[in-house]
Asker: 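Sharing a structure, written as structure tokens. Questions coming.
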Amino acid sequence: MNALLSPTTLAELADAVRSAPRILAVGARTKPRLSAVASDVTLVSTLGLSGITEYQPDEYTFTALAGTPLREIAATLAARGQYLPFDPLLLAAGATLGGTLGAGLSGSGRFRFGGQRDFILGVRFVDGTGRLLRLGGKVVKNAAGFDLPKFFVGSLGRFGVFGELTFKVFPRPASTLTLRLPVADAPAATALLNTAAGARWEIDALDLLPAADTVVVRLAGPESALPILAAEILTRFPGEILSASAADALWSDLRELRWTHADGPLLKLALTPAQLPALVARVRALSGRIHVTAGGNAALVSLPAPAASLGLPALTLRGPGPLWLEAPAPPAIHAAVKTALDPHNRFPALSA
Amino acid sequence: MSSLASPPLQPSVADPARCLRRLADLLPASRVLSGPAQLAAYESDGLTAFRTAPLAVVVPETQAEVIALVRLCHEEGLPFVARGSGTSLSGGSTPVAGGLVITLNRLNRILRVDPAQRLAVVEPGVINTAVTVAAAPHGLHYAPDPSSQSICTIGGNVAFNSGGAHCLKYGMTSNHVLGIKAVLATGEVVEFGSASREQLGPDWCGLFSGNEGLFGIALEITVQLLPRAEVFHTVLAGYRTLEQAGDAVSAIIASGLLPGAIEIMDALALEAASAAVHAEYPPGCEAVLIVELEGPREVVAAQRPQLDALIAASAPVEARPARDAAERAAIWKGRKSAFSAVGRLSPDFIVQDGVVPRRRLGEALRRIAEMSRAAGIRCANVFHAGDGNLHPLILYNGAEPGALDRAEVLAGKILKMCVEMGGSITGEHGVGLEKRDYLASMFNADELDCLQRIRAAFDPLGIANPGKMFPDGTAPALAQHGLHPLEKAGLISRE
């Protein structure tokens with residue numbers, strides 16, 4: 001069992017980091033493999049650091065403490081007709097803003113305007129020497145200083161402990177419409193994804209469903225425009241328009257990862273659409289399931305049991321098995337930046 | 001461990017004669033420039049008030065040559081500055097005295113355009129618009145559009161995380177960079193990111209973008225391409241007061257529309273633009289607002305009445321929707337030429353790019369007007385109203401003793417105002433040489449130390465573009481030579 005500290009202020013967070021030689025921050029632990037570290041590492045929970053500290057709807061920005069649940073943020077934004085366009089995962093499961101940034105997890109809606117890296121503006125964090133620092137800014141455009149906030153996306157808490165984060169948000173589109181388009185096989189899926197992504201339709205989300213035999217397209221925009229766009233898409237690719245309730249259920253199941261095996265490893269991969277057919281074949285051979293998102297640029301893979309290889313680098317979010325599969329050997333600069341932010345190696349290595 | 005101390009900035013220990021001999025071994029004589037006449041063209045960049053003579057300018061043609069040059073610099077302790085087209089407005093490519101300028105204009109190959117996966121792989125010397133030209137036959141475009149886009153390079157855009165008129169919706173350069181192959185200041189060659197739009201592990205591409213040349217030199221950049229919007233609806237509206245134009249922006253933002261661009265020009269900028277490109281603006285206006293919707297025709301058709309109603313309700317003197325592509329192009333030409341046009345009003349000017357929270361734009365403009373009146377200095381304003389990115393143009397005559405100093409005092413006051421309002425000293429030009437003394441107004445000593453430690457991780461010797469972003473006590477000589485030659489020729493403009 002790892003020791004657990006629970007600070008309730010940013011000053012206490014900095015104290016907590018300084019209080020132990022080995023430290024890792026955790027949020028709601030909805031991606032538990034990321035914090036399954038050696039027993040001598042003291043865990044620092046951010047759950048006591050919760051709440052939106054600043055929200056300016058007319059600036060398209062908000063600032064919240066790292067332990068704030070995403071669902072609280074989503075509800076606050078929705079009340080003002082806004083949303084997080086990177087469409088974070090595991091809202092119902094209680095995922096926090098900080099944990100989502102550290103895990104580098106974006107959802108299906110990231111197709112249109114980009115993932116977390118495209119919406120993070122500023123970070124207050126504690127570095128490995130226990131200093132509370134603020135980098136980036138609170139306005140939607142800022143080019144002062146190195147972009148540490150972006151660097152922290154996907155950093156797994158190994159370079160600093162997040163205290164407070166500022167994100168850009170957008171107005172929520174007036175309506176959405178979801179289409180299901182069956183595909184014969186994975187190469188056909190790749191072709192459909194590429195064609196749809198390059199078309200005039202300005203698609204909001206473009207995914208391949210876990211059975212790998214259906215592409216789903218979500219349109220978002222003015223209510224009068226979407227049926228016309230949908231009709232044109234259906235003349236190119238046979239399929240159907242989902243009812244609003246069926247669409248809500250489909251996106252909610254994807255967002256909450258309800259399609260996964262209960263116990264086996266869940267992995268995240270970055271890929272290109274061209275790599276999709278080989279990955280789908282590999283996952284099928286392992287009796288696994290795959291949800292391909294971002295038009296074929298990202299995938300979550302659920303396996304019944306750990307595997308040695310998926311043919312591409314992968315990060316294990318939960319379940320058994322190593323944290324990384326086939327991670328390329330890091331160049332020397334990785335260690336140098338780690339030392340710059342964490343000279344005493346207080347935080348675990350990215351590889352562990 | 002001594003690593004807690006800030007890294008010392010090593011003074012240059014390079015032996016100039018030996019460095020020149022070694023450069024001559026690496027490159028043919030025609031590509032090592034060291035005569036005073038040859039160097040003169042490289043002494044300055046878009047920040048024309050400053051100039052410095054380097055030891056030499058080298059013109060590599062291949063990635064291998066760039067790597068060899070950086071390794072030579074590392075071995076010799078020779079400071080180097082990478083340079084594209086020299087359009088930096090923050091003095092980012094101003095040479096280091098006695099250092100090397102590595103020009104990248106001949107690394108201008110578009111290595112790959114992949115229309116299916118919507119990306120391009122380019123060398124750093126490729127011109128910004130050349131990417132869109134290469135993508136256009138596939139119905140795609142490269143979104144970041146700084147005003148100097150017809151001449152500035154992708155390598156420079158990446159180094160300074162350049163912006164443009166479409167940042168609120170589409171982000172800055174770094175939001176479009178998927179992969180970077182670079183030679184770091186240590187000589188290490190690294191590959192960050194990939195051809196995927198997603199990433200595993202920390203965002204190294206994001207960290208490298210905007211490094212201001214302090215980490216090393218990008219050799220190959222993978223950028224995402226986006227489908228070109230099918231239709232545009234561009235409206236130019238003139239207002240009696242700046243405040244009315246600002247109120248119109250607030251109403252548009254509150255409506256839930258997400259325009260691709262929202263720009264404002266003030267009276268002085270309008271006067272300059274109409275003189276320079278014969279743009280005709282509604283008479284008697286203190287401000288002009290430009291708003292652009294874009295997207296599939298059905299979407300724009302649905303949003304257009306909403307925008308038109310919002311503008312009508314904002315009581316403009318006149319609102320002119322562009323009726324065709326030519327009228328749209330004319331509106332943008334007037335806007336993008338505004339800065340160089342100001343050169344007609346004044347022999348010299350300083351361009352700032354501070355950011356304020358959008359809701360405080362009106363207050364910021366009032367205070368700028370007060371400060372410029374108090375200083376007796378004229379100041380024109382063109383700005384990205386959608387994202388609060390100001391561009392005050394501070395007019396002065398460099399031939400007048402003390403005029404530049406007075407203009408810089410006013411510029412400094414404006415930057416400090418931006419920070420006080422919760423904004424930033426720079427939205428898109430970078431800190432560079434120009435604003436390095438103001439970085440400490442945004443970050444405290446610990447935060448500056450953190451940034452310095454990151455810098456030292458990439459460049460332990462402090463040889464990559466030293467003197468930029470961080471104050472280091474060196475100051476290049478002031479020069480007074482007004483508009484950049486390319487601006488005079490009408491080839492580039494400032495934003």
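Letters A, B, ... are given to chains in the order of the sequence lines, protein chains preceding strands, and every chain is numbered from 1. Hydrogens, waters and symmetry mates are skipped; everything else that's a heavy atom, side chains included, is used.
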Asker: Side-chain contact test, heavy atoms from C-beta onward, threshold under 4.5 Å: evaluate it for A:Ile333 versus B:Glu188 and give yes or no.
Answerer: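 They are in side-chain contact.
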Asker: Could you measure the distance from the NZ atom of A:Lys141 to the NE2 atom of B:His384? Nearest 0.5 Å is fine.
Answerer: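 Atom-to-atom, A:Lys141:NZ and B:His384:NE2 are 4.0 Å apart.
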Asker: Is it the side chain or the backbone of A:Asp127 that comes within 4.5 Å of chain B heavy atoms, both, or neither?
Answerer: neither
Asker: For the interface with chain B, which of A:Phe113, A:Phe170, A:Trp324 has the highest count of heavy-atom pairs at distances below 4.5 Å?
Answerer: A:Phe170
Asker: Got a donor-acceptor contact below 3.5 angstrom from the B:Arg359 side chain to the A:Glu59 backbone?
Answerer: no
Asker: Could you check which of A:Gln56, A:Arg172, A:Arg80 has the highest count of heavy-atom pairs closer than 4.5 Å to chain B?
Answerer: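 Top count of heavy-atom pairs under 4.5 Å with chain B: A:Gln56.
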Asker: Report which part of A:Lys168 has an atom under 4.5 Å of a heavy atom belonging to chain B: side chain, backbone, both, or neither.
Answerer: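 It is the side chain, since no backbone atom gets that close.
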Asker: Are A:Arg200 and B:Arg228 packed together at the side-chain level, in the sense that at least one heavy-atom pair is separated by less than 4.5 angstrom?
Answerer: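 Of all side-chain heavy-atom pairs linking B:Arg228 with A:Arg200, none is under 4.5 Å.
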Asker: Go through it in stages, so that I can follow the logic: the residues are A:Val139 and B:Val356, the test is side chain to side chain contact (heavy atoms under 4.5 Å, CB included), and I'd like the CA-CA distance, side-chain angles, deciding distance and then a yes or no.
Answerer: CA-CA 7 Å; A:Val139 282; B:Val356 298; over 6 Å; no
Asker: Run the numbers on A:Lys150 and B:Ser174 for side chain to side chain donor-acceptor pair (under 3.5 Å), then give the verdict.
Answerer: CA-CA 9 Å; A:Lys150 260 198 197 64; B:Ser174 68; 3.3 Å; yes
Asker: A:Ala327 versus chain B, heavy atoms under 4.5 Å apart: side chain, backbone, both or neither?
Answerer: neither
Asker: Please classify the contact of A:Ala294 with chain B as side chain, backbone, both or neither, using a heavy-atom distance under 4.5 Å.
Answerer: neither
Asker: From B:Glu447 CD over to A:Arg131 CZ, what is the distance, rounded to the nearest 0.5 angstrom?
Answerer: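 The distance works out to 9.0 Å.
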Asker: Hey, is the main chain of A:Thr272 close enough, under 3.5 Å, to the side chain of B:Gln117 for a donor-acceptor pair?
Answerer: no
Asker: Taking the side chain as everything from C-beta on, heavy atoms only, tell me whether B:Glu298 gets closer than 4.5 Å to A:Ser224.
Answerer: no
Asker: Considering only heavy atoms from C-beta outward, does the side chain of B:Val355 approach that of A:Asn142 to under 4.5 Å?
Answerer: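 No; the side chains remain at least 4.5 Å from each other.
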Asker: What residue in B:Gly206, B:Gly430, B:Gly422, B:Pro296 has the most heavy-atom pairs under 4.5 Å with chain A?
Answerer: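 Highest number of heavy-atom pairs under 4.5 Å: B:Pro296.
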Asker: Could you tell me which of B:Ala301, B:Gly427, B:Cys205 has the largest number of non-hydrogen atom pairs under 4.5 Å with chain A?
Answerer: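 Counting heavy-atom pairs under 4.5 Å, the top option is B:Gly427.
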Asker: Does any non-hydrogen side-chain atom of A:Tyr60 lie less than 4.5 Å from one of B:Leu168?
Answerer: yes
Asker: Would you mind reporting whether A:Lys268 and B:Leu200 have side-chain heavy atoms less than 4.5 Å apart?
Answerer: yes
Asker: Atom CG of B:Asp203 and atom CD1 of A:Ile120: how far apart are they, to the nearest 0.5 Å?
Answerer: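 Going from the CG atom of B:Asp203 to the CD1 atom of A:Ile120 covers 11.0 Å.
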Asker: Heavy-atom pairs under 4.5 Å with chain B are the metric here; pick the option from A:Thr61, A:Asn194, A:Leu156 that has the most.
Answerer: A:Asn194
Asker: Can you tell me which portion of A:Ala199 sits under 4.5 Å from chain B's heavy atoms? Options are side chain, backbone, both or neither.
Answerer: backbone
Asker: Count the heavy-atom pairs under 4.5 Å between each of A:Gly137, A:Gly295, A:Pro273 and chain B, then report the option with the highest count.
Answerer: A:Pro273
Asker: Answer yes or no: is there a side-chain heavy-atom contact under 4.5 Å between A:Phe119 and B:Asn175?
Answerer: no
Asker: Between chain B and each of A:Leu193, A:Val153, A:Val140, A:Leu315, count heavy-atom pairs under 4.5 Å; write down the option with the most.
Answerer: A:Val153
Asker: Rounded to the nearest 0.5 Å, what separation is found between the CG atom of B:Asn211 and the CG atom of A:Asp147?
Answerer: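 The distance works out to 11.0 Å.
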Asker: Counting heavy-atom pairs under 4.5 Å to chain A, which of B:Ala302, B:Ala116, B:Gly423 comes out on top?
Answerer: B:Ala116
Asker: Quick check for you: among B:Leu214, B:Asn161, B:Leu258, which has the greatest number of heavy-atom pairs under 4.5 Å with chain A?
Answerer: B:Leu258
Asker: Flag the one option from A:Gly221, A:Gly145, A:Gly81 with the top tally of heavy-atom pairs under 4.5 Å to chain B.
Answerer: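 With the most close heavy-atom pairs to chain B, the winner is A:Gly145.
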Asker: Find the one option among B:Asp387, B:Leu226, B:Val431 whose heavy-atom pairs under 4.5 Å with chain A are most numerous.
Answerer: B:Asp387
Asker: Determine, for A:Phe111 and B:Arg197, whether the Lys NZ or Arg CZ falls below 6.0 Å from the six-membered ring centre while staying within 45 degrees of the axis.
Answerer: no
Asker: I want to know whether B:Phe215 and A:Phe146 have ring centres closer than 6.0 Å.
Answerer: yes
Asker: Parallel, tilted or perpendicular for B:Trp204 and A:Phe151, by the 30°/60° rule?
Answerer: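 Perpendicular: the ring planes of B:Trp204 and A:Phe151 meet at over 60°.
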Asker: Could you check whether any side-chain heavy atom of B:Arg453 comes within less than 4.5 Å of a side-chain heavy atom of A:Pro343, counting everything from C-beta outward?
Answerer: yes
Asker: So which residue, B:Leu119, B:Ile425, B:Val190, B:Ile454, ends up with the most heavy-atom pairs under 4.5 Å with chain A?
Answerer: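 Between B:Leu119, B:Ile425, B:Val190, B:Ile454, the count favours B:Ile454.
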